[in-house]
Amino acid sequence: MSDRDQMSEERAAELARQAVEMAGGARMIYRNPRQPFSFDATRTYEVEGTPVEVRWGEISSPAVVTAGGYVFEIVDSGIELLIRPPKPRD
């Protein structure tokens with residue numbers, strides 16, 4: 001089993017929060033959308049040995065942070081869960 005399969009939602013949320021802080025904080029990301037097709041619209045941070053991707057929003061898409069298969073929307077006050085990774089079928 002890979003780390004992605006084993007990561008809990010709480011752990012993913014904590015890593016996501018740390019990456020958002022490393023990128024300048026939720027309010028900074030939420031209030032400063034990138035221009036469409038910007039080359040620096042995403043950044044990957046290594047948080048405690050795990051890659052976490054922060055994607056700034058655009059006019060038609062929200063700002064999100066992805067950790068361990070979980071996707072969180074970045075809002076003015078922090079992060080909110082959008083998508084959980086799919087559960088494997090047995």
Quiz item: Between CZ of Arg55 and CD1 of Ile29, what distance do you get to the nearest 0.5 Å?
Solution: 12.5 Å
Quiz item: Considering only heavy atoms from C-beta outward, does the side chain of Leu81 approach that of Tyr70 to under 4.5 Å?
Solution: yes
Quiz item: Any chain of hydrophobic side-chain contacts (each under 4.5 Å) joining Val20 to Tyr45?
Solution: yes
Exercise. Identify the residue among Thr66, Ile74, Val64 that makes a side-chain contact (heavy atoms from CB on, under 4.5 Å) with Leu82.
Key: Val64
Practice problem: Quick one: pull up CD in Glu14 and OG1 in Thr50 and give me the separation to the nearest 0.5 Å. | Solution: 12.0 Å
Quiz prompt | Spatial distance of atom CE (Met7) from atom CG (Leu15) [nearest 0.5 Å] | solution = 5.0 Å
Quiz item: Which pair of non-hydrogen atoms, one from Ile79 and one from Ala13, has the smallest distance, and what is that distance?
Solution: CD1-O, 3.7 Å
Quiz item: Is there a path of hydrophobic side-chain contacts, each under 4.5 Å between heavy atoms of I, L, V, M, F, W or Y residues, that connects Met22 with Trp56?
Solution: yes
Exercise. Kindly determine whether Phe72 and Glu80 satisfy side chain to side chain contact (heavy atoms under 4.5 Å, CB included), including the steps that lead there.
Key: CA-CA 5 Å; Phe72 301 89; Glu80 297 176 359; over 6 Å; no
Practice problem: List the atom of Pro85, the atom of Gly68, and the distance in Å for their closest heavy-atom pair. | Solution: CG-O, 4.1 Å
Quiz item: Are any of the side-chain nitrogens in Glu48 or Arg11 under 4.0 Å away from the carboxylate oxygens of its partner?
Solution: yes
Quiz item: Just how far is it from atom CZ of Arg31 to atom CG of Asp76, taken to the nearest 0.5 Å?
Solution: 4.0 Å
Exercise. Go through the steps for Glu9 and Arg84 under the test side chain to side chain contact (heavy atoms under 4.5 Å, CB included), then give the verdict.
Key: CA-CA 8 Å; Glu9 183 177 326; Arg84 287 181 180 90; 2.9 Å; yes
Quiz item: Quick one: are Glu46 and Pro51 in side-chain contact, heavy atoms under 4.5 Å?
Solution: no
Quiz prompt | Shortest non-hydrogen contact from Ala19 toward Val65 | solution = CB-CG2, 4.5 Å
Exercise. Apply side chain to side chain contact (heavy atoms under 4.5 Å, CB included) to the pair Glu21 and Met28, showing each step before the final yes or no.
Key: CA-CA 9 Å; Glu21 288 304 312; Met28 179 65 134; over 6 Å; no
Quiz item: Closest approach of Ala12 and Ala67, non-hydrogen atoms and distance?
Solution: CB-O, 3.5 Å
